[in-house]
Amino acid sequence: MNKQKRHKRPSWDEYFLEMAKLVAKRSTCLRRSVGAVIVKDKRILATGYNGAPTGLKHCIDIGCLRQKLKIPSGERQELCRALHAEQNALIQASLYGISVKGSTLYSTNQPCVICAKMLINAGIKDIVIAGGYPDKMAMDFLKQAKIKVRKI
């Protein structure tokens with residue numbers, strides 16, 4: 001049997017989505033581990049996972065207020081101490097002076113509406129996700145902004 005037939009290389013989308021899944025393992029959220037990778041020209045520009053701002057205590061250390069208050073997923077995000085993975089990836093790029101305009105975001109989950117608005121204004125052109133998120137408005141905004149969202 002030929003070596004090529006035995007070894008299946010992942011597509012670029014599969015490759016970068018697997019990277020996002022790896023990044024998600026650093027998450028400090030008790031409810032949902034999310035990872036994001038921003039890519040341009042098949043090169044990783046920045047990564048992010050959901051967790052508390054630098055220097056602040058994480059939910060895995062002090063508990064989750066949203067869980068305690070029984071807030072459903074996708075609602076009242078202002079009560080969360082964590083930044084979302086997409087936000088952290090955009091901030092990481094910003095800290096190092098990296099433009100993400102025209103890039104693709106790979107994420108383990110569909111962005112929320114807050115992240116969608118940030119991604120639109122950052123110039124992200126394409127989003128590839130592994131899973132959904134209960135936020136229809138986010139998808140409406142991304143569609144209006146002509147940002148393709150592909151689930152693989």
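Annotation: side chain to side chain contact (heavy atoms under 4.5 Å, CB included) contacts of Ala82 (sequence neighbours excluded): Cys80. Every residue two or more places apart in sequence or in another chain that forms a side chain to side chain contact (heavy atoms under 4.5 Å, CB included) with Leu95 is listed here: Ile91. Residues forming a salt bridge (charged side-chain N to carboxylate O under 4.0 Å, His left out) with Glu14 (at least two apart in sequence, or on another chain): Lys8. Shown here are the side-chain hydrogen bond (donor to acceptor under 3.5 Å, both in side chains) partners of Asn109, two or more places apart in sequence or in another chain: there are none.
A side-chain hydrogen bond (donor to acceptor under 3.5 Å, both in side chains) check over residues 92-106, counting only residues at least two apart or in different chains, returns the pairs Asp13-Tyr106. Each side-chain hydrogen bond (donor to acceptor under 3.5 Å, both in side chains) pair with one or both residues in residues 61-87, not counting sequence neighbours, appears once here: Arg32-Ser73, Arg76-Glu78, Gln77-Tyr133. Applying the salt bridge (charged side-chain N to carboxylate O under 4.0 Å, His left out) rule to pairs touching residues 131-144 yields Lys136-Asp140, sequence neighbours excluded. Contacts classified as salt bridge (charged side-chain N to carboxylate O under 4.0 Å, His left out) and involving residues 104-130 (residues at least two apart or in different chains) are given here: Asp126-Arg150.
When side chains are defined from C-beta on, Val34 does not count as touching Ser27, because their heavy atoms never get closer than 4.5 Å. Looking only at side-chain heavy atoms (C-beta outward), Phe141 and Ile120 come within less than 4.5 Å of each other.
The hydrophobic side chain of Ile62 is isolated, with no ILVMFWY side chain under 4.5 Å apart from it.
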| request: For side-chain contact (heavy atoms from CB on, under 4.5 Å), just list the numbers for Leu30 and Ile60, CA-CA rounded to whole Å, side-chain angles, deciding distance to a tenth of an Å, and then say yes or no. | output: CA-CA 6 Å; Leu30 294 169; Ile60 58 172; 3.8 Å; yes
Please table the atom pairs, donor to acceptor, closer than 3.5 Å between any side-chain atom in residues 41-49 and protein atoms at least two apart or in another chain.
residue	atom	partner	partner atom	Å
Tyr49	OH	Arg26	NH2	3.4

